[in-house]
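The structure appears right after this line, and notes come after that.
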Amino acid sequence: MFFYRKKNKCSAVISNGIITKRSHSNIALIKYWGKHKKKIQIPLNSSISLSLKGVYTVTRLIYYIKKKKGNLSIRIFFSGKEKTSFLPKTVEFFRNILFYCSFLKDYNFIIETYNTFPHSSGIASSASSMSSLALCIMEMEKRLVSSLIKKDFFFKKASFLARLGSGSACRSIYSGLVVWGYHKSIKGSNNFYAIPYPYMVHSIFRKIEDTILIVDEKPKSILSSKGHQLMNENPYSRERFKCANKNMDRLISILKIGDFQEFGELVEHEALTLHAMIMTSNPYFLLMKPNTIKIIHSVWDFRMQNKKNIYFTLDAGANIHLLYPFEEKKFIKKWIYSDLFSFCKKIIESFCY
Ligand code: PMV
């Protein structure tokens with residue numbers, strides 16, 4: 001579906017150019033953890049995320065025609081400084097997508113990128129960076145191969161390409177609630193690209209605040225690619241995949257009914273299950289820090305005492321996302337800054353839309 005037939009194999013136009021795109025980070029509610037052993041970035045369960053406003057990557061792709069046929073040349077600049085450490089993942093990404101974007105072989109590239117969130121803040125930037133790069137490449141395809149590409153195809157293929165860079169990146173192509181991975185109850189869901197959540201969502205979930213508490217700024221002690229791989233041998237993985245599927249069904253009905261308490265409990269359960277999988281892999285890892293646990297207990301105590309809708313979720317790391325409805329923002333935010341600030345290195349404000 002996403003590669004060209006023979007007659008379209010060559011670029012229709014050959015020219016130099018510059019493209020700039022931005023893409024938001026996302027936080028998964030039902031987590032993707034575990035992928036197919038032999039295929040590239042095929043998830044073993046479906047996931048759903050919220051795209052985060054204000055937390056994004058801007059990528060400028062400069063493409064220029066190769067003088068001589070041969071190896072791909074890429075230079076990457078992050079916040080104005082050349083970053084050779086980003087090269088291996090980016091080169092691998094270009095290699096993975098070449099079959100679907102054969103026009104790339106005629107060009108060399110300079111990639112300039114920056115994040116709106118602080119560098120080394122502990123927020124995963126691979127989702128927003130890979131998806132913004134995928135959007136740039138689709139824009140290039142539109143300019144050079146087919147100006148008639150329809151909007152729907154543009155985003156589907158961008159999501160497909162982003163997935164080949166980093167699984168969760170395919171969800172960052174869209175705003176709002178986004179699903180990736182086949183689930184029997186979600187029409188159009190599939191393992192190859194993400195789709196906007198297609199069903200009714202109660203108004204309480206239309207604007208969710210996300211306060212991100214940075215407990216640890218250091219890079220994670222486990223790369224997510226390694227973590228996914230370890231799920232193939234994890235003794236609890238089968239149960240995990242079953243549970244994720246059931247949780248998706250539950251979430252569909254929660255999103256419709258508008259029960260924020262059920263929503264939050266499910267999201268917390270998912271976060272702790274992700275960490276349980278990481279802790280029971282071989283080798284095992286413990287990614288939460290003492291302050292992560294202190295914050296979780298403070299959230300539970302505050303919730304009990306004040307009857308407020310505030311719930312946490314985690315990525316594969318020590319940092320915490322606090323999710324709460326926009327309507328309850330004033331009271332909750334005051335508490336976060338007075339009671340949780342001392343456990344954090346930084347606080348980043350975002351909201352899901
Ligand atoms: O996209 P990856 O390979 O970095 O994996 C991301 C996995 C989690 O962030 C832990 C969960 C998710 O679904 O985003």
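Ligands are counted one by one from 1 in listed order, and the atoms in each one are counted from 1 as well.
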Short side-chain donor-acceptor distance under 3.5 Å, Ser172 and Asn26 = yes
Check residues 48-55 and write down every donor-acceptor pair under 3.5 Å in which the side-chain atom is one partner and the other belongs to a residue at least two apart or another chain.
unit_1, atom_1, unit_2, atom_2, d
Ser49, OG, Arg171, NE, 2.9
Ser51, OG, Tyr174, O, 2.6

Salt-bridge present (Lys69, Asp106; N to O < 4.0 Å) | no
Can you list, by chain and residue number, every protein residue with a non-hydrogen atom closer than 4.0 Å to ligand 1?
-> Ala28, Lys31, Tyr32, Trp33, Ser166, Gly167, Ser168, Arg171, Ser224, His228, Leu274, Asp315, Ala316
Restricting to pairs with a member in residues 25-47, which pass ring pair (Phe, Tyr, Trp, His ring centres under 6.0 Å), not counting sequence neighbours?
-> Tyr32-Trp180, Tyr32-His228, Trp33-His228
Taking the hydrophobic residues Ile, Leu, Val, Met, Phe, Trp and Tyr, and joining any pair whose side-chain heavy atoms are under 4.5 Å apart, which ones share a cluster with Tyr114?
-> Tyr56, Val58
Ion pair check, Arg95 and Glu92, cut-off under 4.0 Å = no
